[in-house]
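When reading the values below, keep in mind they use all heavy atoms of this one structure, side chains included, and skip hydrogens, waters and symmetry mates. By convention here, the first residue in the shown sequence is residue 1.
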Amino acid sequence: MKRRKLVLISLAVIVVIAALIFGVARHNKTQAEQAMQARNAKVDQTLTAIRTQHKKNVALKDDAKRLQALANLETRSEAYSLRADRKQPVIALYKELINKEKAYFTDKNQKSLKKNKLTDDQLKDIKKKDLQAKLAGLNALTDVLNTQRDIVYNDKNFKTLSTEIQHLSERYAERLRQMTQDEGQASQPAESSNTASESQGQQDQTDQSASGQSADTSQSGNVDNGQTGTGTSSGGYGYNNTWNSWYAPNNNGGNSGSVTDNSGAGTTTTPNVDNSGTGATDQGASTGADDGNQSSSATGNTGIDGQASSGADGTNP
């Protein structure tokens, strides 16, 4: 009887102990599940916050602001990866979004590079203004890369891309120098032709002016210089004024004669041999030279001595 009681008591203790163990285990499991749920909820909240912020970054129209948002995202990712309670889903999400944002900038830069990239044949046939636009596009892309260097690119990728852009820029700049040089050489013959035409035109105007001046002077005769002059014959020679002289040998042995210039017509009167009458009259037309000097030419009039009076060029008697 006592033995049976002992068995029953032992079974009861075992059941109680098992129940306690089961209850404790269940309690611990429940707490663990609750803790896990809490942690998962916290992770979910973190993931949700990260995604929400990323949507705002993608909506930004200004690439400079979007680049700064990417820099902030990388900073938060590095900080989270150092936490003791870090969770892999959060780390993975950070990495995913960072790669997406970097791809946005790298793809945009590649499109810009492709737009401004020329083959050798295209570079040979392109117009100057279009080539200048391509070079400006490469220069702008270089500036963009410099701002993105430490955020979007690593050192290797940055060096590869920047070297390619630099090579293209140097080719374009050299081609532009050749174009400018060719334009200068092509314009030189045209400028020479224009200069020659202008010189010829100026020469023609000068010739016309000189011709007109000569005609005016010829028409006016002696009006400009010495309209009226009186010559005195001495020893067979006569002179008009200091600007114009004429040569008229006279057989009268010192008889005096007079010369009158009037509106271009010169008159020379030579007395008769016996000094009793009026000699023949020589009339000549006076022609003005371009330099203002005058000359008189006889027109077939003869005096008693049978000689014609002629005008000099204003230099010799």
Acceptor/donor pairs from residues 35-42 side chains to any protein atom, 3.5 angstrom cut, sequence neighbours excluded:
from	atom 1	to	atom 2	distance (Å)
Asn40	ND2	Met36	O	3.2

Enter the distance from Ser112:OG to Leu145:CG here, rounded to the nearest 0.5 Å.
-> 8.5 Å
Less than 4.5 Å apart, any side-chain heavy atom of Asp130 and any of Lys127?
-> yes
Looking at CG of Leu123 and CD of Glu174, how far apart are the two atoms once the value is rounded to the nearest 0.5 Å?
-> 10.0 Å
Apart from Ile9 itself, what residues make up its hydrophobic cluster when side-chain heavy atoms of I, L, V, M, F, W and Y under 4.5 Å apart count as a link, directly or indirectly?
-> Val13, Ile17, Ile21
Would you call Phe105 and Leu70 a side-chain contact if the rule is heavy atoms closer than 4.5 Å?
-> yes
Does Thr75 use its side chain to pair, donor to acceptor, with the backbone of Ala71 at less than 3.5 Å?
-> yes
Give, for atom OH of Tyr94 and atom CG of Leu73, the distance between the pair rounded to the nearest 0.5 Å.
-> 6.5 Å
Using a 4.5 Å cut-off on heavy atoms from C-beta on, say whether the side chain of His167 contacts that of Arg171.
-> yes
Would you please test Glu74 and Lys102 for salt bridge (Lys or Arg N to Asp or Glu O under 4.0 Å) and show each step?
-> CA-CA 11 Å; Glu74 288 183 326; Lys102 286 185 176 181; 3.2 Å; yes
Verdict with reasoning, Arg175 to Met179, per side chain to side chain contact (heavy atoms under 4.5 Å, CB included) | CA-CA 6 Å; Arg175 179 60 180 145; Met179 287 180 173; 3.6 Å; yes
Look at the side chain of Tyr104 and the backbone N and O of Val58, then say whether any donor-acceptor pair between them is shorter than 3.5 Å.
-> no
Can you spot which of Asp125, Leu168, Leu131 makes a side-chain contact (heavy atoms from CB on, under 4.5 Å) with Leu118?
-> Leu131
Which is it for Asp182 and Gln185 under the side chain to side chain contact (heavy atoms under 4.5 Å, CB included) test, yes or no, and what are the steps along the way?
-> CA-CA 5 Å; Asp182 292 343; Gln185 292 177 352; 4.2 Å; yes
Mind checking whether Leu67 and Val144 sit in one hydrophobic cluster, side chains of I, L, V, M, F, W, Y counted as touching below 4.5 Å?
-> no
Do the non-hydrogen side-chain atoms of Leu47 and Pro89 ever get within less than 4.5 Å of each other?
-> yes
Could I get the full list of salt bridge (charged side-chain N to carboxylate O under 4.0 Å, His left out) partners for Lys115, not counting sequence neighbours?
-> none
Report the residues that fulfil side-chain hydrogen bond (donor to acceptor under 3.5 Å, both in side chains) with Thr106, sequence neighbours left out, ordered by chain and then residue number.
-> none
Flag side-chain contact, heavy atom, 4.5 Å: Gln110 against Leu161 | yes
Would you check if the side chain of Tyr153 reaches a backbone N or O of Lys159 as a donor-acceptor pair within less than 3.5 Å?
-> no
Shortest non-hydrogen contact from Ile98 toward Ser77 | CD1-CB, 3.8 Å
With sequence neighbours excluded, give me every side-chain hydrogen bond (donor to acceptor under 3.5 Å, both in side chains) pair touching residues 136-149.
-> Asn109-Gln148
Nearest heavy-atom approach of Leu93 to Arg51 is CD2-CG, 3.9 Å
Please write out which residues are connected to Leu20 in a hydrophobic cluster, directly or through intermediates, given that two of Ile, Leu, Val, Met, Phe, Trp, Tyr count as joined at side-chain heavy-atom separations below 4.5 angstrom.
-> Val16
What pairs meet the side-chain hydrogen bond (donor to acceptor under 3.5 Å, both in side chains) rule with one or both residues in residues 17-28, with sequence neighbours excluded?
-> His27-Gln31
Nearest heavy-atom approach of Ser81 to Ile91 is CA-CD1, 4.5 Å
Side chains of Leu138 and Leu113: does their closest heavy-atom pair fall under 4.5 Å?
-> yes
Within 6.0 Å of CG in Asp155, more than 12 heavy atoms from elsewhere = no
Got a second to check how far Asp120's CG is from Lys124's NZ, nearest 0.5 Å?
-> 8.0 Å
Heavy atoms, side chains only, cut-off 4.5 Å: are Leu141 and Asn116 in contact?
-> no
Residues at least two apart in sequence or cross-chain that pass side-chain hydrogen bond (donor to acceptor under 3.5 Å, both in side chains) with Glu101, listed by chain then number, are His54, Arg66
Contacts of Lys134 meeting side-chain hydrogen bond (donor to acceptor under 3.5 Å, both in side chains) (sequence neighbours excluded), chain-then-number -> none
For Lys95, salt bridge (charged side-chain N to carboxylate O under 4.0 Å, His left out) partners two or more places apart | none
With sequence neighbours excluded, give me every salt bridge (Lys or Arg N to Asp or Glu O under 4.0 Å) pair touching residues 75-84.
-> Arg83-Asp85
Pairing residues for Asn57 by the side-chain hydrogen bond (donor to acceptor under 3.5 Å, both in side chains) criterion, not counting sequence neighbours = Gln53
For Thr48 and Asp44, indicate whether the former's side chain and the latter's backbone hold a donor-acceptor pair under 3.5 Å.
-> yes
Side-chain touch Glu183/Lys128, heavy atoms, less than 4.5 angstrom | yes
